[in-house]
Novice: 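Here's a structure for you.
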Amino acid sequence: MTPTSDRAAGRALVLEPASQRLRIVVREALERVQLQVAWAGRAQPFERALESRPPALVVVDAEAEGAEAAIRAAAGVGSPVLAIVPGADPGAADRVLEWGACEVVRAPFPWRELANRASLLTRSAGGAERSAPARNDELAVITRLAGFSPWSFEPGEQTIRTTEQALSHFGVTRPGPAPLELLLAWADPEDRKALVAALTGGPLRDGSFALDTRLTLPDRTERIVHWQGEVPHGSDQCPRGIVRDVTEERRNASRLRFLGHHDELTGTLSRMAFLQQMERAISLARRHRRCGALMLVYLDGFAALNEEHGDEVGDLVLRDAAERLAQCLRQTDYVSRASATKETGQADPLISRLGGDEFTLLLTDLSQPEDAARVAHRIIEAMRVPLSVGGGSLLIGANIGIAIYPRDAVESDSLLRCADAALSRARQTGRNQHQFFQTTSDPARARRLTLERKIARGFENGDFQLYYQPQVDIETGEILAFEALLRWNDEAWGAVSPAEFVPVAEAAGMIETIGEWNMREATRQMCLWRDAGLQPVRMSLNISPRHFRGDRLLRALNQVLWDTELDPELLEFEITENAFMENQEAAVAIASELKRIGVSVALDDFGTGYSSLSHLRRFPIDCLKIDRSFVADISLDPESAAITAAILSMARALRLRVIAEGVETEKQRQFLKARGCREFQGFLFSPAVAPDDAAKWLRRA
Ligand code: C2E
Ligand code: CA
Ligand code: CA
């Protein structure tokens with residue numbers, strides 16, 4: 001075995017990474033620095049590849065299967081190991097170093113970085129056969145570049161032997177073995193205790209340790225040094241390991257944590273952190289029978305100012321506004337999160353920037369709602385003071401909407417909506433005004449707000465169900481299709497009609513989610529029937545106009561068709577005329593695509609919207625559903641009868657299928673049949689029924 005010749009050939013052995021992308025980047029990087037890449041791990045066991053030809057470099061993705069064993073094995077044969085660790089996992093670097101890696105790259109990384117490190121590692125490790133002094137020299141280079149130094153501890157003398165560079169981390173300038181006492185002179189007392197215990201205390205569980213020492217040097221610089229060591233027990237070897245300065249690393253990590261909770265521009269809480277605090281504050285208030293206020297502060301005139309003076313000035317104004325808001329709050333309204341205090345040295349005011357020029361702010365523990373008005377007043381006054389920028393002065397105003405919890409709402413999103421409504425009213429009154437949310441003024445709105453919450457929750461709890469109403473042949477009564485209709489039983493309110501909750505879900509932006517659930521649920525049901533050997537019939541799904549645009553609907557449909565392998569011809573989408581009228585081009589495009597896929601489209605509630613005959617010809621639809629208001633009146637009202645007859649003859653001319661909706665009586669059925677209608681749906685045959693009852697119809701068929 002002649003390892004040196006292999007090293008000269010520049011072979012890099014790579015443990016096959018989990019991701020294909022990583023594979024590409026690694027190959028690219030290594031080949032750029034003239035390393036010949038060999039893969040191992042899947043087709044070939046890594047250890048065997050290693051033993052047969054110890055490579056110049058080993059690269060291991062810490063997330064790949066067998067990463068630990070591979071690193072340990074490579075370190076065992078003396079090949080330098082470069083480990084790739086996920087950047088999001090702060091402990092990963094320490095772990096792989098402990099396994100024996102000598103260099104770490106955090107993913108994601110540019111391939112150039114990997115190339116540089118690989119090149120450095122192979123160059124410094126390549127001279128294994130050189131003279132001892134040269135090797136020492138190179139060791140010094142490696143440790144300096146890699147940022148760590150070896151150390152050993154002499155228990156008798158209580159001294160640490162390490163590099164000058166490492167000594168300097170501790171503020172020690174004299175070279176040579178340093179008394180532990182001296183080395184730790186500036187260390188945090190707790191950290192000092194921990195290190196001394198690790199070095200001199202009883203045997204450690206697995207003989208190894210890793211810990212941080214925080215230092216405050218005489219010139220007041222703060223530093224964090226990371227120790228990793230082994231304490232061999234039962235032998236006469238000294239404890240030893242590596243040590244490195246991790247000040248920047250730890251600072252970055254804590255800054256990242258800070259940014260996760262904060263808005264980078266203003267330093268106020270991130271939306272998520274704010275909502276979390278709000279949930280907490282609301283439940284505390286409920287428990288202690290106190291109240292609190294959620295304020296929405298709108299910077300009036302900010303948009304224009306930003307436009308006129310540019311983003312830089314805009315940012316300045318936002319930062320200044322955040323500062324002023326913070327000053328208007330009492331300290332008790334600050335978050336007393338232990339972590340926040342520790343990391344930033346101060347508590348956070350409960351302020352968050354919602355969008356460009358809107359801030360939300362929480363007043364906790366108010367004895368009465370009116371107290372919020374005083375704070376609002378203070379804020380408005382504070383915002384009025386002009387801000388001087390570059391010799392000039394800028395003026396903005398503020399409007400504030402206030403929602404009180406638990407009086408107005410007890411859920412953060414409803415509270416935000418209350419505050420929003422209050423803010424709209426405040427802005428209607430003029431600049432520099434505040435308004436409270438008023439429930440009593442709008443009970444319908446209050447029910448809507450509650451409904452919104454209930455829908456979201458009911459949906460999560462699986463309280464929604466699909467019922468199926470048969471669409472039948474007007475002559476034979478044969479079942480041709482089912483229309484899927486949503487049913488919802490709320491615990492407190494009982495059955496809530498889709499006619500009430502669908503519009504609310506639409507307004508609240510939930511209808512797409514609901515529509516997609518419907519599609520999955522209805523097709524799941526169809527699959528169950530198919531698998532039970534029942535006769536396949538068409539399924540008609542109601543699609544909201546909001547959903548009938550963009551590509552979300554088609555993507556969901558394709559997914560469902562892919563998953564279920566159902567024949568697309570078994571699906572029909574019901575949409576109202578308005579879906580077409582609101583955005584004709586987009587709607588026509590979607591309908592055409594549906595036609596291409598094989599899914600048919602029916603125009604629901606036909607006759608109640610505003611489409612005309614000329615529109616009908618342009619819309620690529622397959623079916624018209626005559627609205628039940630006409631059907632209800634056909635036998636009483638000549639006008640309805642005339643309209644229905646007209647729709648039927650027009651549809652025939654356009655070669656469209658027609659379904660009459662809401663047929664309740666035999667008389668209506670006869671009338672429709674006589675005018676050439678072929679299909680109907682209505683209580684005369686059956687209302688929408690539960691899936692099991694629908695299956696009975698199919699079995700009978
Ligand atoms: P729609 O699409 O026009 O649905 C037909 C409605 O008429 C259903 O009310 C159905 O139960 C009712 N109906 C059927 N036959 C008769 C009858 O003979 N007489 C009378 N009086 N009514 C009859 P439902 O289920 O309450 O649905 C109301 C509306 O809610 C639907 O009108 C539709 O616009 C909407 N909707 C229901 N389910 C969904 C859904 O899954 N997604 C969407 N986007 N909307 C839905
Ligand atoms: Ca319908
Ligand atoms: Ca309808």
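Indexing begins at 1, ligand by ligand and atom by atom, following the structure's order.
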Novice: So which of Arg628, Glu500, Glu664 gets nearest to atom 12 (C) of ligand 1, if we judge by its closest heavy atom?
Specialist: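 The nearest heavy atom belongs to Arg628.
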Novice: With sequence neighbours excluded, what pairs up with Asp563 under the side-chain contact (heavy atoms from CB on, under 4.5 Å) test?
Specialist: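 Counting only residues at least two positions away or on another chain, Asp563 forms a side-chain contact (heavy atoms from CB on, under 4.5 Å) with Gln559.
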Novice: So how many protein N, O or S atoms does the Ca ion (ligand 3) have within less than 3.0 Å?
Specialist: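 Near the Ca ion (ligand 3), the number of protein N, O or S atoms below 3.0 Å is 4.
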Novice: Answer side chain, backbone, both or neither: which part of His547 comes under 4.0 Å from ligand 1, heavy atoms only.
Specialist: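 Contact part for His547 vs ligand 1: neither.
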Novice: Taking the side chain as every heavy atom from C-beta outward, state whether Asp463 and Lys454 have any pair of such atoms under 4.5 Å apart.
Specialist: no
Novice: For Glu483, counting its heavy atoms only, list the atoms of ligand 1 lying under 4.0 Å from any of them.
Specialist: 2 (O), 4 (O)
Novice: With no hydrogens and no angle check, just 3.5 Å: does a side-chain donor-acceptor pair link Ser629 and Asp627?
Specialist: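 Result is yes, a qualifying pair exists.
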Novice: Just let me know how Val502 lines up against ligand 1, side chain, backbone, both or neither, with a heavy-atom cut-off below 4.0 Å.
Specialist: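 Side chain only.
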Novice: Does the plane of the ring in Phe580 sit parallel, tilted or perpendicular to the ring in Phe619? Use 30° and 60° as the thresholds.
Specialist: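 If you compare the ring of Phe580 with that of Phe619, the planes turn out parallel.
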Novice: What protein heavy atom sits nearest atom 15 (N) of ligand 1, and how far off is it?
Specialist: Gln469 NE2, 2.9 Å
Novice: Under 3.0 Å from the Ca ion (ligand 2) - does any N, O or S atom of Asn542 fall there?
Specialist: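 Of the N, O and S atoms in Asn542, at least one lies under 3.0 Å from the Ca ion (ligand 2), which means yes.
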Novice: May I ask you to decide if Gly314's main-chain N or O and Asp311's side chain share a donor-acceptor pair within less than 3.5 Å?
Specialist: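 No, the answer is negative, given that no donor and acceptor are paired below the 3.5 Å cut-off.
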Novice: How far is atom 40 (C) of ligand 1 from the closest protein heavy atom, and which atom is that?
Specialist: Asn518 ND2, 3.4 Å
Novice: Would you mind telling me if ligand 1 is within reach of the side chain of Lys625, the backbone, both or neither, using heavy atoms under 4.0 Å?
Specialist: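 Near ligand 1, Lys625 shows nothing, with every heavy atom at 4.0 Å or more.
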Novice: Is Arg552 reaching over with its side chain to a backbone N or O of His547, donor-acceptor style, under 3.5 angstrom?
Specialist: no
Novice: Suppose we measure from atom 26 (O) of ligand 1 to each protein heavy atom; which comes out shortest, and what is that distance?
Specialist: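 Result for atom 26 (O) of ligand 1: Pro498 CG, 3.4 Å.
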Novice: Report the part of Leu486 in contact with ligand 1, treating N, CA, C, O as backbone and CB onward as side chain, heavy atoms under 4.0 Å; options are side chain, backbone, both, neither.
Specialist: both
Novice: Which protein non-hydrogen atom lies closest to atom 16 (C) of ligand 1, naming both residue and atom, and how far is it?
Specialist: Phe683 CE2, 3.2 Å
Novice: Say whether Thr266 and Asp263, considering side chains only, have a donor N or O and an acceptor N or O under 3.5 Å apart.
Specialist: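 Yes - a donor-acceptor pair under 3.5 Å links their side chains.
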Novice: Do we see a donor-acceptor contact under 3.5 Å between the side chains of Gln584 and Arg618?
Specialist: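 Present: a donor and an acceptor within the cut-off.
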Novice: Determine, considering heavy atoms only, which of Leu466, Thr576, Asn542 sits nearest to atom 44 (N) of ligand 1.
Specialist: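 When every heavy atom of Leu466, Thr576, Asn542 is considered, Asn542 comes closest to atom 44 (N) of ligand 1.
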Novice: Is it true that Glu666 and Gln670 share a donor-acceptor pair across their side chains at a distance under 3.5 Å?
Specialist: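 Note: Gln670 and Glu666 side chains meet the donor-acceptor criterion.
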Novice: Provide, to 0.1 Å, the distance between atom 10 (C) of ligand 1 and the closest protein heavy atom, together with that atom's residue and name.
Specialist: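 Among all protein heavy atoms, the one nearest atom 10 (C) of ligand 1 is Leu485 CD1, 3.8 Å.
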Novice: Output the atom name for the N/O/S atom of Glu483 with the smallest distance to the Ca ion (ligand 2).
Specialist: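 In Glu483, the N, O or S atom with the shortest distance to the Ca ion (ligand 2) is OE2.
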Novice: Does the gap between the ring centers of Tyr467 and Trp488 come in under 6.0 Å?
Specialist: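 Judged by ring-centre distance (under 6.0 Å), Tyr467 and Trp488 do not meet the cut-off.
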Novice: Hey, is atom 32 (O) of ligand 1 touched by any protein heavy atom at less than 4.0 Å?
Specialist: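 False for atom 32 (O) of ligand 1.
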Novice: Would Arg546 and Glu512 count as a salt bridge (Lys or Arg N to Asp or Glu O under 4.0 Å) if you check the C-alpha gap in whole Å, the side-chain angles of each, and the deciding distance to 0.1 Å?
Specialist: CA-CA 7 Å; Arg546 271 190 63 125; Glu512 286 95 341; 3.7 Å; yes
Novice: Report the part of Gln681 in contact with ligand 1, treating N, CA, C, O as backbone and CB onward as side chain, heavy atoms under 4.0 Å; options are side chain, backbone, both, neither.
Specialist: neither
Novice: Are the side chain of Ser352 and the backbone of Leu269 linked by a donor-acceptor contact shorter than 3.5 Å?
Specialist: yes
Novice: Looking only at protein heavy atoms, which one is nearest to atom 1 (P) of ligand 1, and what is the separation?
Specialist: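 Here the nearest protein heavy atom works out to Asp604 OD2, 4.0 Å.
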Novice: Any side-chain to backbone donor/acceptor pair from Glu593 onto Ala589? Under 3.5 Å, distance only.
Specialist: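 A pair under 3.5 Å: no.
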Novice: Under a plain distance cut-off of 3.5 Å, with no hydrogens placed, do Gln469 and Gln681 share a side-chain donor-acceptor pair?
Specialist: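 A donor-acceptor contact under 3.5 Å links the two side chains.
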Novice: Quick one: look up the protein heavy atom nearest atom 11 (O) of ligand 1 and list residue, atom name and how far away it is.
Specialist: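 Nearest neighbour among protein heavy atoms for atom 11 (O) of ligand 1, to 0.1 Å: Arg487 NH2, 3.5 Å.
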Novice: Is the backbone of Val658 close enough, under 3.5 Å, to the side chain of Glu679 for a donor and an acceptor to pair up by distance?
Specialist: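 No, Glu679 side chain to Val658 backbone: no donor-acceptor pair under 3.5 Å.
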